[in-house]
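Right, one structure below, let's go through it.
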Amino acid sequence: VEHTPVGAGAAYFDAATAAPLHPVAQEALLAALDDGWADPDRLYRAARRAAQLRDAAQASVAESLEARPDEINFTSSGTAAAHWAVLGGLAGRRRAGRFLVHSAIEHSAVLHAARFVQSKSAPSAGSAGPDETGSIEVRVDRLGRLDLDAWRAAVNTPGVALASLISASHEVGTVQPVAAAAQACAEAGVPLYVGLGVTHR
Ligand SMILES: Cc1ncc(COP(=O)(O)O)c(C=O)c1O
């Protein structure tokens with residue numbers, strides 16, 4: 001398959017939004033549209049075939065991520081995934097607290113979900129304390145890079161339920177120190193949601 005998605009001589013700089021499908025992925029998608037068009041939750045033959053294809057995709061993603069297939073959920077958009085992660089994460093951790101730690105450059109899907117669930121006021125203390133929405137925002141430097149010391153302090157604030165870190169800046173492309181941020185969360189016992197929509201490796 002020839003792979004010339006943007007046309008000869010043209011350059012494409014918006015990979016944070018979408019990237020051309022890998023030829024193998026494109027082939028798999030087209031085959032699935034032919035063969036797995038039915039509603040996978042029905043019981044007739046075409047539907048069972050669709051369910052088979054969906055389950056195989058789920059198993060394949062799970063294997064790549066070293067997760068269990070039942071831990072993989074497909075959503076229709078990045079926004080839906082972020083809403084699930086934040087709403088579900090905060091709800092599931094209600095006993096631990098209600099605060100969300102997030103970088104200053106999270107996707108609006110994360111921020112809107114957080115504001116939806118958090119309405120009660122809390123003490124405000126800049127990057128080290130929750131604001132009135134129950135969010136603790138952690139700054140980034142002039143290169144768009146997360147301040148890890150502030151992050152560490154934030155995730156150790158009493159009442160933190162969840163942390164959220166986008167994997168790279170949408171605006172300037174700075175890749176965030178996700179492993180170090182995750183380590184700080186692990187040490188604090190705080191689950192971390194990482195929005196990977198902007199990182200293609
Ligand atoms: C980290 C992250 N979260 C959420 C979204 C929203 O995704 P969508 O536009 O598919 O709703 C994006 C989109 O770029 C994203 O990068």
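The figures here come from the full heavy-atom set of this structure, side chains too, leaving out hydrogens, waters and symmetry mates. We count ligands from 1, going down the list as the structure has it; atoms in each ligand are counted the same way.
The neighbour count for R145 CZ, taken as heavy atoms of other residues, nucleotides or ligands under 6.0 Å away, does not exceed 12. Shown here is L43, whose CG atom has no more than 12 heavy atoms of other residues, nucleotides or ligands within 6.0 Å.
Between E106 and ligand 1 there is no heavy-atom distance shorter than 4.0 Å.
With Q58 contributing its side chain and N73 its backbone, the two residues share no donor-acceptor pair below 3.5 Å. Checked by atom type and distance alone, the side chain of E27 never pairs as donor or acceptor with a backbone atom of H22 at under 3.5 Å. Side-chain atoms of S103 do not come within 3.5 Å of backbone N or O of L146 as any donor-acceptor pair.
Near H170, meaning under 4.0 Å from one of its heavy atoms, ligand 1 places the atoms 14 (O), 15 (C), 16 (O). Short contacts between ligand 1 and S77, defined as distances under 4.0 Å to a heavy atom of the residue, involve ligand atoms 10 (O), 11 (O).
With a 4.0 Å cut-off on non-hydrogen atoms, I166 touches ligand 1 through its side chain and not its backbone.
At least one N or O atom of G78, backbone or side chain, sits closer than 3.5 Å to an N or O atom of ligand 1. Checking only distances, Y193 never comes within under 3.5 Å of ligand 1, N or O to N or O.
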